Structure formats: C-alpha cells, structure tokens
Amino acid sequence: MTEPITIEITTGDGRRYTLREAQPADEPGVLALFESGGAYVEAATGLPSGPGDLQSLYYSLPPGADGADKLVLVVTEDDGPVVGIVDAVRHHPAPDACAVGLFLLHPSLWGTGTGRAVAGALLDRAAASGITRVTATVPVDWPRGRRFLASLSFRFTGPPPRGQAVANRSAGPREPAVERAELAPVRRE
C-alpha cells in the first residue's frame, strides 16, 4: 500500500494550494470544475461536460493498466473548493512510467502559473519515486494544452496507439484526435 498523496504548493504570487487524493465529498466540486472547464472538455471529448464524466474519471483506465495504480487527485486553494483535478495511472505504460489522463484547472487559473506549479510538484514527486517517464495526451486542436506541455519540456511523439477504445471505454463519435507527449522528469532542487 502506498502512502496517501498530499502536497502543499505555493505559487510565485503567494497563493497556496493543496494537491491531495480525491474523496467522495469532492464530487460536487469536480462536477462544477468540469462544467466551468467546458471548453477543454469539448475539445477533449467532442461533447459538453455531463455527469458521466465524473464516473469515467474514476473508472477509465488505459489498456493493460491495473486499477490499483489509478490516482484521482484534486487541487484546492487554501483548503477551499476544488479548483483542479489530475487523473493519472502509475506504472503505465511501463513499470517506471506514469500516464496522465487529465490535468484540468479552473479556467480562472489558466495562464497564472498555477498549472506549472502543480505540475512541477507532481513531477518532482514522480522523479523522487523512481518514475523515469511521464506520458500525457492533448487534443491536437487544443493549443493551450500543447503550449503548457511544451513549457514543461514534454516532447511530442505523435498519435498514441488507438483502436475503437480509448482507455477502457468506447471513443465517442466526435472525439478528436490526440497527440502523445513524453517527459523524463528530473527532480528540481
């Protein structure tokens, strides 16, 4: 059993956030985040956000992944409401890797440096725990996401292997193409 994840983060402008494992009481905040981040949800799925997104968040796994390695983390500001969500699978696509399925902050935080601070803290933890590769996907028509991954030094590697299924669910009819990105995390001092 692994130790629960709780990371305290302070951004350059002094804002304080907590990144921790999601709890059942977080579900209304996560639903509200999906609704507020509708532009991203539509870019990623081709459809507006709906209640099924929450269920998919908890149960969707890439092919070959173990459910015990699934992480759903929330970001809160000063222990207040949920302002971000991270979905990741440890030990996928290889034992020393981690696949990030979703990294979403409230749109009011886009472009503020908060995403970079949260991602940096996660990448530091990944490197300290022996992760040598982090993978992520981004919709090809979502330039904000591509810029964000590039700013973290992710390298774009083209489309991921794709069949009729995306993770352990069927791809939606309007679901756009995505591009895979990879990073070898290095712990910051």
Side-chain angles (χ1 to χ4, degrees), residues 1-12 15-27 29-30 33 40 44 54 56-80 82-106 109 112-138 145-158 160-161 166-168 178-189:
M1 183 169 191
T2 60
E3 190 172 315
I5 295 174
T6 301
I7 303 172
E8 301 296 328
I9 301 162
T10 302
T11 61
R15 294 172 89 167
R16 295 180 335 179
Y17 297 91
T18 301
L19 177 69
R20 60 173 173 75
E21 292 182 36
Q23 304 164 359
D26 294 319
E27 288 184 11
V30 173
L33 179 62
Y40 168 77
L54 184 63
S56 288
L57 178 68
Y58 286 96
Y59 297 108
S60 183
L61 286 170
D66 185 337
D69 291 329
K70 175 85 168 187
L71 289 173
V72 178
L73 306 170
V74 294
V75 180
T76 61
E77 185 172 9
D78 287 326
D79 294 322
V82 173
V83 297
I85 188 90
V86 179
D87 160 35
V89 179
R90 295 174 289 205
H91 313 298
H92 188 79
D96 62 345
C98 180
V100 177
L102 175 67
F103 185 101
L104 177 64
L105 295 180
H106 190 278
L109 298 175
T112 66
T114 303
R116 188 171 184 77
V118 171
L122 280 170
L123 291 169
D124 282 350
R125 182 171 176 115
S129 69
I131 297 294
T132 63
R133 179 172 47 139
V134 176
T135 63
T137 56
V138 62
R146 292 178 59 77
R147 286 191 307 269
F148 176 66
L149 289 174
S151 78
L152 296 169
S153 299
F154 273 80
R155 180 178 51 88
F156 294 97
T157 61
V166 175
N168 59 349
V178 295
E179 186 170 15
R180 185 174 176 161
E182 292 187 3
L183 174 72
V186 177
R187 190 166 185 172
R188 299 175 294 175
E189 299 302 323

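Along the sequence shown, residues are numbered consecutively beginning with 1. Hydrogens, waters and symmetry mates are skipped; everything else that's a heavy atom, side chains included, is used. What you see is a predicted model; the values in this text were computed from it and never measured.
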Could you grab the distance from atom CG of L123 to atom CZ of R116, nearest 0.5 Å is fine? 9.5 Å
From CA spacing to verdict: side chain to side chain contact (heavy atoms under 4.5 Å, CB included), V72, I85: CA-CA 7 Å; V72 178; I85 188 90; 3.7 Å; yes
Between D78 and R15, does any NZ, NE, NH1 or NH2 come within less than 4.0 Å of an OD or OE carboxylate oxygen? no
Taking atom types as modelled and ignoring hydrogens, do the side chains of R20 and T76 form a donor-acceptor contact shorter than 3.5 angstrom? no
What's the separation between atom CZ in R180 and atom CZ in F154, rounded to the nearest 0.5 Å? 11.0 Å
For R147, check salt bridge (charged side-chain N to carboxylate O under 4.0 Å, His left out) against everything at least two apart and list the hits. none
Nearest heavy atoms of L104 and L33, plus distance in Å: O-CD2, 3.8 Å
CG of L122 to SG of C98: how many Å apart, nearest 0.5 Å? 8.5 Å
Residue pair E8 / T18: nearest heavy atoms and the distance that separates them: OE1-OG1, 2.9 Å
Could you tell me which residues satisfy side-chain contact (heavy atoms from CB on, under 4.5 Å) with A94, sequence neighbours excluded, listed by chain and number? D96, A97, R133
Can a cation-pi geometry be assigned to R146 and F156, taking NZ or CZ under 6.0 Å from the six-membered ring centre and within 45° of the ring axis? yes
Taking all atoms of both residues into account, what is the closest heavy-atom pair of G115 and F103, and its distance? O-CZ, 3.5 Å
Identify, with sequence neighbours excluded, every residue that meets ring-ring contact (aromatic ring centres under 6.0 Å, His included) alongside Y40. W142
What closest approach, in Å, do I7 and A121 show between heavy atoms, and which atom pair accounts for it? CG2-CB, 3.9 Å
Testing the 3.5 Å rule here: is there a donor-acceptor pair between the side chains of T135 and E182? no
At what distance, to the nearest 0.5 angstrom, does CD1 of I5 lie from CG of L71? 4.5 Å
Using the side chain to side chain contact (heavy atoms under 4.5 Å, CB included) rule, take L61 and V89 through it: C-alpha gap first, then chi angles, then the decisive distance, then the call. CA-CA 8 Å; L61 286 170; V89 179; 4.0 Å; yes
Suppose we screen for side-chain contact (heavy atoms from CB on, under 4.5 Å). Which residues come up paired with T112, at least two apart in sequence or across chains? L109, T114
To the nearest 0.5 Å, tell me how far E77 CD sits from H106 NE2. 11.0 Å
Show the nearest heavy-atom pair for residues P185 and V134, with the distance to one decimal. CG-CG2, 4.0 Å
Looking at K70 and A65, would you say the former's side chain and the latter's main chain have a donor-acceptor pair under 3.5 Å? no
Which residues pass the side-chain contact (heavy atoms from CB on, under 4.5 Å) test with T10, sequence neighbours left out? R16
Minimum heavy-atom distance H92-P63, with the two atoms named: CE1-O, 3.1 Å
Under a 4.5 Å cut-off applied to non-hydrogen side-chain atoms, are I9 and V118 in contact? yes
Going by the rule side-chain contact (heavy atoms from CB on, under 4.5 Å), which residues pair with D66 if we only count those two or more places apart in sequence or in a different chain? A68, D69
Distance (rounded to the nearest 0.5 Å) between I131 CD1 and H91 NE2: 6.0 Å
